[in-house]
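All remarks here apply to the structure that follows.
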Amino acid sequence: MELWGRMLWALLSGPGRRGSTRGWAFSSWQPQPPLAGLSSAIELVSHWTGVFEKRGIPEARESSEYIVAHVLGAKTFQSLRPALWTQPLTSQQLQCIRELSSRRLQRMPVQYILGEWDFQGLSLRMVPPVFIPRPETEELVEWVLEEVAQRSHAVGSPGSPLILEVGCGSGAISLSLLSQLPQSRVIAVDKREAAISLTHENAQRLRLQDRIWIIHLDMTSERSWTHLPWGPMDLIVSNPPYVFHQDMEQLAPEIRSYEDPAALDGGEEGMDIITHILALAPRLLKDSGSIFLEVDPRHPELVSSWLQSRPDLYLNLVAVRRDFCGSQVECACWHLNVHSPGMESKRRYVLPEVT
Amino acid sequence: MSTVGLFHFPTPLTRICPAPWGLRLWEKLTLLSPGIAVTPVQMAGKKDYPALLSLDENELEEQFVKGHGPGGQATNKTSNCVVLKHIPSGIVVKCHQTRSVDQNRKLARKILQEKVDVFYNGENSPVHKEKREAAKKK
């Protein structure tokens, strides 16, 4: 055992240390080959953290903590019962950790290794190559919820608000909105069959399948929009692919090798799908409806200019929010609220003369 | 041309530099876009204590341990630990109970709210009263 591990061992075995005495009182405890001496959760985390670090795997400690916690039935290491931190693991558990860790060594994202992840308090199945929901997108959902709460006329009546999600992936955005807006209904679309299946599976796991319509369609195709089951939407929400095409090759191996590039690549300026969604507004959005988008930090200005070039859409970029980020970290993305004014405003709006 | 519908882009936003300890930048938006309300701290979780001292977001500093570099679609970060500090009392709470950042932030606020109430109210805090009553029932 490495020196660090030995010191930890001594620390844990000292007098009065809760858990360790209980651990060693197990009469059924056997010496564990071949990871002899490395048999408790804390030691395994330490061991695999070291292995990951040596191999240059990012988030070495977080990865090993999530894997070990998962095998022990907890979502995070901190939420594990402290008694379990120092109890010896069974050989099956050790084997399971070894298998999951070997996938991490192949740069598989933790969420795919565990086959699940959490979003806004919901536990969702994760399956490659369906896009893994990002933490920043939780804030997009929070913003939508605040807006809905402020528009009291939309809340409370059955079937309201009616929400369209473009590019639903695992169903994270749709399902978190449905679960927190008990009267809402959602139409979720995606061009990938795998995403449709996964959203369907997650909807059923959460018993939300009665209020969501999941439709396999490519929203960039003209014909797609003729067969929607419901009328104009109160809200359109999306975390569309917004990576600039030239940035795609710089993405980490976790993303490049495992996640669907179509969920990320937004074209030359990352705007292709964004502009498609905004162009849907006249057809799909109610008066006083809103479109909420997650975008790259370079997009608010680009979206603003683009909207000015398309007065026929009657859309205003009314608000932007930076995602919350710590002090040292560059902001990851921005969230946009693009609003469609009511009919009165539309009638008063004077189209510029073409000269 | 009518000004209805013209976009008002809050350009000063792009020049705001992040404050130390991660003060929430979107709060500055409230000055520019009155439509966005600063939401009061909400109680998450099962237990609801009556009338705990409420926390003012302006007195909190949150260090969101997300790692370095860009995020959003371009990265896949799993370090969702939240570190929350109540400036006036100096109490710090670290929460990594869930895999959801959003939930960790809510839980951190709930735990911090309880600790801050105990800090100022001591034995009179509903937190301690509940514990005493629970102990009596045993």
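Note on naming: letters A, B, ... go to the chains in the order of the sequence lines (proteins, then strands), and numbering restarts at 1 for each one.
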Between the side chain of B/Q73 and the main-chain N/O of A/P240, is any donor-acceptor distance below 3.5 Å? yes
When the 4.5 angstrom heavy-atom criterion is applied to A/S123 and chain B, the contacting part is side chain
| task | Please confirm whether the backbone N or O of B/S79 pairs with a side-chain atom of A/E62, one donor and one acceptor, at under 3.5 Å? | result | no
The reported gap from CD in A/E136 to OG1 in B/T75 (rounded to nearest 0.5 angstrom) is 6.0 Å
For B/N80 and A/W117, the nearest pair of non-hydrogen atoms, with its separation, is ND2-CZ2, 3.8 Å
Highest number of heavy-atom pairs under 4.5 Å with chain B among A/N239, A/N337, A/L80 belongs to A/N239
The interface call for A/L114 against chain B, heavy-atom contacts under 4.5 Å, is side chain
If one checks every heavy atom of A/I132 against chain B at 4.5 Å, the contacting part turns out to be side chain
CD of A/E59 to CG of B/N76, rounded to nearest 0.5 Å, is 7.5 Å
In terms of heavy-atom contacts, B/S100 and A/G121 come closest through OG-N, 3.7 Å
Review point. Is there a donor-acceptor pair under 3.5 Å between the side chain of A/Y242 and the backbone N or O of B/G72?
Key: no
Value for CD (B/Q103) from CG (A/L122), rounded to nearest 0.5 Å, stands at 8.0 Å
Chain B shares the most heavy-atom pairs under 4.5 Å, among A/Q111, A/E254, A/E259, with A/Q111
Is B/T98 close to A/K75 at the side-chain level, that is, under 4.5 Å between some pair of heavy atoms?
no
For A/I255 and B/A74 the tightest heavy-atom approach is CD1-O, 3.1 Å
So does A/E142 pair up with B/R105, basic N to acidic O under 4.0 Å? no
Query raised in the report: Is atom CD of A/Q246 surrounded by more than 12 heavy atoms (other residues, nucleotides or ligands) closer than 6.0 Å?
Result: yes
Bottom line for A/A263: the part with an atom under 4.5 Å from chain B's heavy atoms is backbone
Original post:
Are the side chain of A/E138 and the backbone N or O of B/V101 linked by a donor-acceptor pair below 3.5 Å?
Top reply: yes
Taking the side chain as every heavy atom from C-beta outward, state whether A/T76 and B/R99 have any pair of such atoms under 4.5 Å apart. yes
Under 4.5 Å to a heavy atom of chain B? For A/F131 that would be side chain
